[in-house]
Amino acid sequence: MTAILKRELSGYFSSAIAYVVLAVYFFFSGFFFYAYCFVGDSTSLSYVFANMFYIIMFIIPVLTMKTFAEEKRQKTDQALLTSPTGLPGIVFGKFLGALVIYALCCAIFLVYATVISFIAEPEWSVVMCTLLGIFLLGASMIAINIFISTLTESMVVAAVVGMGAGLIIDTMSYFVSIMPIKWIARVLDSINFLNYYTNFTYGVLSVADVVFYLSVTALFLFFTVLSLERRRWS
């Protein structure tokens, strides 16, 4: 797994993907930070975190689009699937590679909180809680998009489908509000990512929210292993 992780990190930084993702994330987080904290004269990062939900939905598919799609396109997936590292190790290594890049993105919020500390005392408990939330959200989205990457050999298709999945997640609240069948509306509301994420942005640390994101992450990593297992024996 360590070899896969090193290979993934090397691949990210030897191409433009890591730099583009970091640049886009830093740009939009910096824009929201300036707009809400300086122009809006606020010492709270809650609105900055809340708006980053929408950016994450679009940059993570770009980050993960090559994980398995590129392997299939270059015909290197068979060598990977028959390597001594088991499929769970391969999947987890690629997942950790993307997660490390994403963690570097999230670290910028510690810089913003430090800047605020020169003006006023930031609510560190809220900052750290929200940072955990945005990290768990990203981890679950990475797992979903890595699974999507196993379904195609086109990085563009993987990215577009991933963005489509993100758009569905983003508009889940709308579907809940227009759903006439109550039990379906309740089911949709129970898997609404935004509901669980919003709690973190207000400094509310709930076990249910943490378990939700960890469960989604584990579930889609499991789906990814199954998808690769099926391909190996096909």
Side-chain angles (χ1 to χ4, degrees), residues 5 8-9 12-13 16-64 95-146 162-163 166 169-170 172-173 192-218:
L5 173 58
E8 287 300 296
L9 291 175
Y12 279 124
F13 285 105
I17 292 179
Y19 304 103
V20 169
V21 168
L22 287 166
V24 171
Y25 196 97
F26 291 165
F27 172 80
F28 280 102
S29 63
F31 172 78
F32 292 135
F33 175 63
Y34 174 77
Y36 287 107
C37 296
F38 283 91
V39 177
D41 194 24
S42 171
T43 59
S44 174
L45 290 171
S46 296
Y47 290 108
V48 181
F49 280 115
N51 280 276
M52 285 307 294
F53 177 87
Y54 306 103
I55 307 303
I56 292 168
M57 295 296 102
F58 290 96
I59 67 166
I60 284 183
V62 175
L63 179 63
T64 59
F95 169 75
L96 285 180
L99 193 62
V100 167
I101 303 299
Y102 180 72
L104 292 176
C105 292
C106 294
I108 191 66
F109 287 106
L110 295 176
V111 176
Y112 298 152
T114 303
V115 171
I116 290 177
S117 69
F118 289 107
I119 305 171
E121 183 65 27
E123 297 179 84
W124 284 106
S125 59
V126 176
V127 171
M128 299 310 294
C129 182
T130 311
L131 195 57
L132 174 63
I134 206 169
F135 180 78
L136 292 174
L137 168 67
S140 62
M141 291 304 302
I142 287 171
I144 292 171
N145 281 274
I146 285 178
M163 290 177 186
I169 290 172
D170 180 32
M172 190 68 72
S173 297
N192 187 348
F193 278 54
L194 190 56
N195 288 346
Y196 298 96
Y197 177 63
T198 301
N199 291 336
F200 285 104
T201 64
Y202 291 112
V204 178
L205 182 58
S206 168
V207 174
D209 299 335
V210 174
V211 170
F212 172 78
Y213 285 121
L214 291 179
S215 299
V216 171
T217 302

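Along the sequence shown, residues carry numbers from 1. Computed from heavy atoms alone, side chains included, the values below leave out hydrogens, waters and symmetry copies.
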Determine whether Tyr197 and Leu136 satisfy the following criterion, side chain to side chain contact (heavy atoms under 4.5 Å, CB included), listing intermediate values before the conclusion. CA-CA 9 Å; Tyr197 177 63; Leu136 292 174; over 6 Å; no
| Taking side chain as C-beta onward, heavy atoms only, is Met57 less than 4.5 Å from Leu137? | yes
Correct closest heavy-atom pair for Pro61 and Met163 would be CG-N, 3.6 Å
Original post:
Should Asn51 and Phe31 count as side-chain neighbours, where that means a heavy-atom distance under 4.5 Å?
Top reply: no
Glu8 versus Val100: any side-chain heavy-atom pair under 4.5 Å? no
For the residue pair Tyr213 and Phe200, does the interplanar ring angle fall in the parallel (under 30°), tilted (30 to 60°) or perpendicular (over 60°) class? tilted
One should read off an interatomic distance between Asn199 CG and Asp209 CG, to the nearest 0.5 angstrom, of 4.5 Å
Shortest non-hydrogen pair, Val126 vs Thr130, comes out as O-OG1, 2.7 Å
What one should report as the nearest heavy-atom pair of Ala98 and Thr64 is CB-CG2, 4.2 Å
Dump the intermediate steps for side chain to side chain contact (heavy atoms under 4.5 Å, CB included) on Phe95 and Thr217, then the final yes or no.
CA-CA 10 Å; Phe95 169 75; Thr217 302; 3.6 Å; yes
Report task. May I ask you to check whether Phe38 and Phe33 place their ring centers less than 6.0 Å from one another? Result -> yes
TODO: Using a 4.5 Å cut-off on heavy atoms from C-beta on, say whether the side chain of Thr114 contacts that of Ser117.
DONE: yes
Can you tell if the side chain of Asp170 reaches within under 4.5 Å of the side chain of Phe193, non-hydrogen atoms only? no
Going through the distances and angles, do Cys37 and Tyr112 end up as a side chain to side chain contact (heavy atoms under 4.5 Å, CB included)? CA-CA 10 Å; Cys37 296; Tyr112 298 152; over 6 Å; no
Closest heavy-atom pair, Met52 versus Phe28, reported as atoms and distance to 0.1 Å, is SD-C, 4.1 Å
> Is the count of non-hydrogen atoms from other residues, nucleotides or ligands lying under 6.0 Å from Tyr34 atom OH greater than 12?
Replying inline: no
- Task: Using a 4.5 Å cut-off on heavy atoms from C-beta on, say whether the side chain of Leu205 contacts that of Val210.
- Result: yes
Separation between CD1 (Ile169) and CD1 (Ile56), nearest 0.5 Å, reads 11.5 Å
N/O donor to acceptor pairs below 3.5 angstrom from side-chain atoms of residues 101-110, sequence neighbours left out:
{"residue": "Tyr102", "atom": "OH", "partner": "Ile134", "partner atom": "O", "Å": "2.5"}

Tightest non-hydrogen contact, residues Ile17 and Val62, listed as CG2-O, 3.8 Å
### Message
Below 30° counts as parallel, above 60° as perpendicular, anything between as tilted: where do the rings of Tyr47 and Tyr36 land?
### Response
parallel
Practice task
Could you give me the CA-CA distance, side-chain angles and deciding distance for Val216 and Tyr196, then say whether side chain to side chain contact (heavy atoms under 4.5 Å, CB included) is met?
Solution key: CA-CA 12 Å; Val216 171; Tyr196 298 96; over 6 Å; no
Minimal heavy-atom distance between Phe49 and Val127, with the atoms involved, is CZ-O, 4.2 Å
The reported gap from CG in Leu96 to CG in Leu5 (rounded to nearest 0.5 angstrom) is 6.0 Å
